[in-house]
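Chain letters run A, B, ... following the sequence lines, proteins first, then strands; residues in each count from 1.
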2 protein chains.
Amino acid sequence: MEHIINKYKSKGFKLTPQRLAILRFLEGNTSHPTAEAIYSEMKKVHPTLSFATVYNTIQALKERGLLSEITIDPERKHFDPNPAPHHHIICTACNRIIDVMADYSETLTLPGDILDQFTVTGTHVDFFGVCVDCRS
Amino acid sequence: MEHIINKYKSKGFKLTPQRLAILRFLEGNTSHPTAEAIYSEMKKVHPTLSFATVYNTIQALKERGLLSEITIDPERKHFDPNPAPHHHIICTACNRIIDVMADYSETLTLPGDILDQFTVTGTHVDFFGVCVDCRS
DNA sequence: TCCAAGATGATAAATATTCTATTTTAAGAG
DNA sequence: CTCTTAAAATAGAATATTTATCATCTTGGA
């Protein structure tokens with residue numbers, strides 16, 4: 001846990017117990033939690049935690065490029081603490097989101113007329129499907 | 001305009017003036033409006049229109065596969081009346097969304113472990129960039 | 001140990017969307 | 001053309017999500 005403290009202190013985070021709990025929860029987390037999921041999980045450890053603190057921490061992480069918003073689920077935003085570029089697949093039945101670790105950057109070329117209009121800064125692929133658990 | 005009436009009647013739509021105005025506004029519309037944009041545009045023609053009617057019509061169109069939700073903009077949902085599969089690029093400065101008419105279906109192959117877990121039903125590519133107007 | 005910047009938490013507010021109940025209307029039957 | 005009924009429209013309340021405000025408290029460096 002020491003390395004987490006150093007990691008975020010070096011990024012300019014002031015580390016309070018609440019914030020540290022959130023950072024530890026997110027570290028290496030591949031469950032793509034919603035703000036609500038983070039909040040209710042943290043409530044167990046810090047019952048006085050407020051939603052504002054969750055959103056503040058999310059905001060601080062986003063500003064430093066350590067967390068990204070996932071919009072694949074139209075119902076609500078999910079968050080992903082993995083800064084490595086990757087994609088996602090969502091089960092349209094249970095809304096579970098799984099990482100898709102593949103690099104499509106070479107194949108996703110834009111039509112010429114759009115290349116003239118835009119300077120591209122990023123790409124993200126959303127896959128939709130039904131997972132084995134929901135197929136039965 | 002006759003063909004719009006027939007098109008939607010044959011799909012089981014009860015055509016009220018408000019609904020018809022929304023359908024005409026969306027027909028061939030590539031501006032990817034938000035619910036708010038549809039509402040304020042329709043207000044000009046039907047001042048008594050309520051937001052519920054906008055959402056009801058959106059819902060009815062979605063159920064019939066004639067409208068899809070676009071989640072590329074984390075701020076709000078946009079809607080696209082083009083049922084043909086395609087992708088989008090958003091300007092991260094002005095939030096303008098443009099269609100990307102390209103077929104990547106051959107190149108977007110999933111890693112084997114995910115193919116075992118999911119039956120894929122669809123794919124959508126989000127491109128992020130800055131448009132010429134915002135670059136200056 | 002002290003201080004200032006920044007974080008917390010309660011609350012209010014803004015935004016987006018859905019729901020409820022009532023009134024109105026479209027469209028087919030007769 | 002009128003009647004009937006299912007569906008749609010409306011207003012407004014309700015819910016959910018996210019942001020803002022502000023007084024209080026805490027972290028971390030001087």
Side-chain angles (χ1 to χ4, degrees), chain A residues 2 4-26 32-40 42-64 67-79 95, chain B residues 1-2 4-25 32-43 45-64 67-79 95:
Chain A
E2 257 309 305
I4 295 188
I5 294 178
N6 293 330
K7 173 177 174 182
Y8 291 100
K9 273 199 181 178
S10 70
K11 305 257 184 195
F13 276 90
K14 185 183 263 189
L15 290 180
T16 61
Q18 296 88 337
R19 189 166 266 201
L20 191 54
I22 297 174
L23 295 174
R24 283 170 57 197
F25 174 69
L26 289 176
H32 311 96
T34 60
E36 162 65 33
I38 297 170
Y39 176 71
S40 56
M42 292 302 96
K43 265 286 189 185
K44 296 177 187 170
V45 190
H46 293 279
T48 68
L49 187 85
S50 78
F51 243 115
T53 298
V54 172
Y55 279 106
N56 283 344
T57 304
I58 285 172
Q59 186 61 33
L61 285 166
K62 281 202 294 186
E63 280 167 4
R64 292 167 176 80
L67 185 77
S68 57
E69 280 178 9
I70 304 177
T71 61
I72 191 173
D73 179 359
E75 303 303 312
R76 64 203 115 245
K77 282 185 196 166
H78 294 250
F79 296 94
N95 288 334
Chain B
M1 195 181 113
E2 258 307 306
I4 294 190
I5 294 178
N6 293 329
K7 174 177 174 183
Y8 291 102
K9 273 199 180 178
S10 69
K11 305 258 184 193
F13 276 89
K14 182 186 259 188
L15 289 180
T16 62
Q18 296 88 337
R19 191 167 264 202
L20 190 53
I22 297 174
L23 296 174
R24 283 170 57 199
F25 173 69
H32 311 96
T34 60
E36 163 64 32
I38 298 170
Y39 176 71
S40 54
E41 197 61 33
M42 291 304 95
K43 264 286 187 184
V45 192
H46 294 279
T48 69
L49 186 85
S50 78
F51 242 114
T53 298
V54 172
Y55 279 106
N56 284 343
T57 304
I58 286 172
Q59 185 62 34
L61 286 166
K62 281 201 295 185
E63 281 166 3
R64 293 166 175 81
L67 186 76
S68 57
E69 279 176 10
I70 304 177
T71 61
I72 191 173
D73 179 359
E75 302 305 312
R76 62 203 117 245
K77 283 184 196 167
H78 295 250
F79 297 95
N95 287 334

A:H78 (side chain) donor-acceptor with A:I70 (main chain) under 3.5 angstrom: no

B:L61 CG to D:dA8 C1', straight-line distance once rounded to whole Å: 14 Å

Rounded interatomic separation in angstrom, taking CD from A:Q59 and C1' from C:dT8: 16 Å

Any donor-acceptor N/O pair, B:T57 side chain to B:R19 backbone, under 3.5 Å: no

Greater than 12 external heavy atoms within 6.0 Å of A:K11's NZ: no

Nucleotide nearest A:K77 when distance is taken to its side chain, options D:dT18, C:dA7, C:dA27: D:dT18

Parallel, tilted or perpendicular: ring planes of B:Y39 versus B:F51, cut at 30 and 60 degrees: parallel

Spacing of A:K43 atom NZ relative to C:dG9 atom P, expressed in whole Å: 8 Å

A:M42 vs A:Q18 side-chain heavy atoms within contact, under 4.5 Å: no

Inter-residue atom distance A:L20.CG - A:K9.NZ, 0.5 Å rounding: 10.0 Å

Nearest-Å distance for atom pair NE2/C1', residues B:H78 and C:dA16: 13 Å

Student check: side-chain heavy atoms of A:I38 and A:I58 closer than 4.5 Å: yes

B:E75 CD to C:dA14 P, straight-line distance once rounded to whole Å: 17 Å

Nearest-Å distance for atom pair CD/P, residues A:E36 and D:dT15: 15 Å

Atom-pair distance (NE2 on B:H46; P on C:dT24), nearest Å: 18 Å

Whole-Å distance separating the NZ atom of A:K11 from the P atom of D:dT27: 23 Å

Side chain of A:K9 (C-beta onward), nearest among C:dA7, C:dA27, D:dG28: D:dG28

Position toward the 5' end of DNA chain D (nearest nucleotide), A:A35 or B:A60: B:A60

Presence of B:T16 side-chain N/O under 4.0 Å of D:dA9 phosphate oxygens OP1/OP2: yes

Sugar-phosphate only, base, or nothing, as touched by B:P74 at under 4.0 Å among non-hydrogen atoms: nothing

Neighbours of DNA chain C within residues 47-56 of chain A, by heavy-atom distance under 4.0 Å: A:T48, A:L49, A:S50, A:A52, A:T53, A:N56

Comparing A:F13 and B:Q18 on DNA chain D - which has the more 5′ nearest nucleotide: B:Q18

Donor/acceptor link under 3.5 angstrom from A:K14 side chain onto base of C:dA5: yes

